[in-house]
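Here's the structure, in structure tokens; my notes come after.
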Amino acid sequence: MELRPYQSEAHKAVFEEWDKGVNKTLLVLPTGTGKTIVFAKITEDCVRRSDRVLILAHRGELLDQASDKIKKATGLCSAVEKAEQSCKGSWYRIVVGSVQTLMREKRLAQFSNDYFDTIIIDEAHHAISDSYQKVLEHFPDAKVLGVTATPDRGDMKNLGQVFESLAYEYTLPQAIKEGYLSPIKAVTIPLQLDLSSVTTQAGDFKAAEIDTALDPYLYSIADEMKKYCQDRKTVVFLPLIKTSQKFRDILNSRGFRAAEINGSSDDRAQVLEAFERGEYNVLCNSMLLTEGWDCPSVDCVVVLRPTKVRSLYCQMVGRGTRLCEGKDHLLLLDFLWHTERHELCRPAHLICENEEVAKKMTENLADSAGCAMDVVEAESKASEDVVAQREEALAKTLKEMRTRKRKLVDPLQYEMSIQAEDLSSYVPAFGWECAPPSDKQKAALEKLGIFPDEIDNAGKANLILDRLEKRKNAGLTTPKQIRLLERMGFVHVGEWSFDAASKMISRISAHNWRVPDGVEPKTYKPESIGA
């Protein structure tokens, strides 16, 4: 099987990390871009190096899928380490193993610490759990590869505790632009669902509370779905099994051909096959289909299980991103979840790296409620909008700064005007003096007429504030008097008294803000300092 260009790059990057001594590395590929094929080829090359390879996963479907893909891609067979099945005694150099089985002390004790040379973890965002760590610690010298779809920043931070590097990342926008995944069109449905009372547990919304909040809207949601996906092959994700079953019945009453599956469904395989054949056009599930199930013909996804976890959201939407003949895009229905929490995952979080852009894209989609918008184009438009907003805000800030600066005295000008050599030559000595001016100091300076942005340490700010207080008590000119009079051409105004400056400003004001006749600013001295 020939690898796609990005798959070849990923394959090469992993071995480069291992060869330079980085034993634990990570590979990030979006759902639908063939991550299993990539690690199948990596497994093949490891076997060529005489390695014994363990493929580790947390679900039986993932193990079966990995074993099947490895056989199809490389011709190599795998032994199984799961429940009553054991790889001990097998001559196969590839083992697909259940982490729940291998984590047991008695099971691990059957393997020497160097039994596996390479360990590949499918859906590696689970690798931070104790069960995976127990297995990895038992094989301390094994090279480790974690493979996952696009994780959120929290996942990446946590995964950094397990993996030493990111060998390669292929993003969803790249995959769509290069034609390896289906374009995604998101439509915001103007139906506001209230999540404000839902609490969180283990970093995400509580499923039971989401279920309670969602229940009153199920009939309205079904009516909205009739407008957009009556003729589409749709997967719906819901919080609990009972709601999934209830929503299936509601959809059927609205003319859909809906089915429901859950972990207890005896006929799960048959229902999935019937859905793939087209006997059903909607498949409801309670978070069962987030991993390990592929149906490329799915062309609509409805997420009725809101989440804060980006990797989970990507997994749900990823059920519809694969290419299929006759499918020109995936339609993603996005409801207006009302919540005070900004971390709720929306279509923008599939594609935006920058939170500011994601927020703007979400606003734009909401403004165009009811219209399907291509997410790549929407991200580009949001990026342009954010840049324009930043430029507008910067121009406004600069204008405000110029206006503000015109009303305030520059510290250097003030020092020269009052002939304060100690201020001009000041050098901070103590730790607190070297720190930046506090907000309180800056506010006090500005209130007294000094432009604080030019003062770079707390010691200088403190010294100027002290000098301002002493000058006030001595009845000398204020910074604002100095600024106005020196702009008119008067010199050494810092030596004037407050009253003398006030009298001259009053005369200038009475003269329509011009220097009075007979007054020469450059030579003028008020009587108080020897006119």
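Bear in mind that the values here come from a model prediction, so they are computed numbers and not experimental data.
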Query raised in the report: Nearest 0.5 Å, what's the CG-CG distance between Asn23 and Leu145?
Result: 12.0 Å
Report task. For side chain to side chain donor-acceptor pair (under 3.5 Å), just list the numbers for Ser182 and Thr321, CA-CA rounded to whole Å, side-chain angles, deciding distance to a tenth of an Å, and then say yes or no. Result -> CA-CA 5 Å; Ser182 172; Thr321 54; over 6 Å; no
Query raised in the report: If you measure only the distance, is there a donor-acceptor pair under 3.5 Å linking the side chains of Thr199 and Glu209?
Result: yes
Query raised in the report: Rounded to the nearest 0.5 Å, how far does CZ of Arg104 lie from CD of Gln110?
Result: 11.5 Å
Query raised in the report: Does the separation of the ring centres of Phe275 and Tyr280 fall below 6.0 angstrom?
Result: no
Query raised in the report: When you check the side-chain N and O atoms of Ser196 and Asp194, is any donor under 3.5 Å from an acceptor?
Result: yes
Query - Pairwise side-chain contact, Tyr168 with Lys12, heavy-atom cut-off 4.5 Å (strictly under) - result: no
Query raised in the report: Passes salt bridge (charged side-chain N to carboxylate O under 4.0 Å, His left out), Lys233 versus Asp299? Steps please.
Result: CA-CA 6 Å; Lys233 188 174 252 186; Asp299 64 352; over 6 Å; no
Requested in this report: Can you run down the salt bridge (charged side-chain N to carboxylate O under 4.0 Å, His left out) pairs that involve residues 320-335, sequence neighbours left out, and say none if there aren't any?
Outcome: Asp294-Arg322, Asp334-Arg346
**Report entry** side chain to side chain donor-acceptor pair (under 3.5 Å) between Asp385 and Asn364, intermediate numbers included
**Finding:** CA-CA 10 Å; Asp385 289 346; Asn364 290 350; 3.0 Å; yes
Report task. Count the heavy atoms of every other residue, nucleotide or ligand shown that sit under 6.0 Å from CG of Asp19, and state whether that count exceeds 12. Result -> yes
Report task. Output the distance between atom OH (Tyr92) and atom CD1 (Ile70), rounded to the nearest 0.5 Å. Result -> 13.0 Å
**Report entry** Side chain proximity check, Thr234 to Asn281, heavy atoms < 4.5 angstrom
**Finding:** no
Query raised in the report: Does the side chain of Leu136 reach to within under 4.5 Å of the side chain of Ile119, using non-hydrogen atoms?
Result: yes
**Report entry** Reported OG1-to-CH2 distance for the pair Thr290 and Trp293, which is rounded to 0.5 angstrom
**Finding:** 11.5 Å
**Report entry** Pairwise distance CZ(Phe237) to CG(Asn285) - rounded to 0.5 angstrom
**Finding:** 5.0 Å
Query raised in the report: Under 4.0 Å between a Lys/Arg side-chain N and an Asp/Glu carboxylate O for Lys35 and Glu123?
Result: yes
Report task. Answer whether the closest heavy-atom distance between the side chains of Lys246 and Asp215 falls below 4.5 Å. Result -> yes
Requested in this report: Would you please name every residue forming a side chain to side chain contact (heavy atoms under 4.5 Å, CB included) with Glu273, sequence neighbours left out?
Outcome: Arg277
Report task. State the CG-CG distance between Asn262 and Leu238, to the nearest 0.5 angstrom. Result -> 11.5 Å
Query raised in the report: So, Phe139 versus Tyr115, ring centres under 6.0 angstrom or not?
Result: no
Query raised in the report: Within 45° of the six-membered ring axis of Phe256 and under 6.0 Å from that ring's centre, is NZ or CZ of Lys226 located there?
Result: no
Report task. Check the side chains of Gln174 and Thr171 for a donor-acceptor pair under 3.5 angstrom, ignoring hydrogens and angles. Result -> yes
Query - Flag for Ser311-His125: side-chain donor and acceptor within less than 3.5 Å - result: no
Query - Heavy-atom neighbours of Asp130 CG exceed 12 at 6.0 Å - result: no
**Report entry** Lys/Arg-Asp/Glu bridge criterion (N-O < 4.0 Å) met for Glu17, Lys143
**Finding:** no
**Report entry** Geometric cation-pi criterion, Lys88 with Phe111: 6.0 Å, 45°
**Finding:** yes
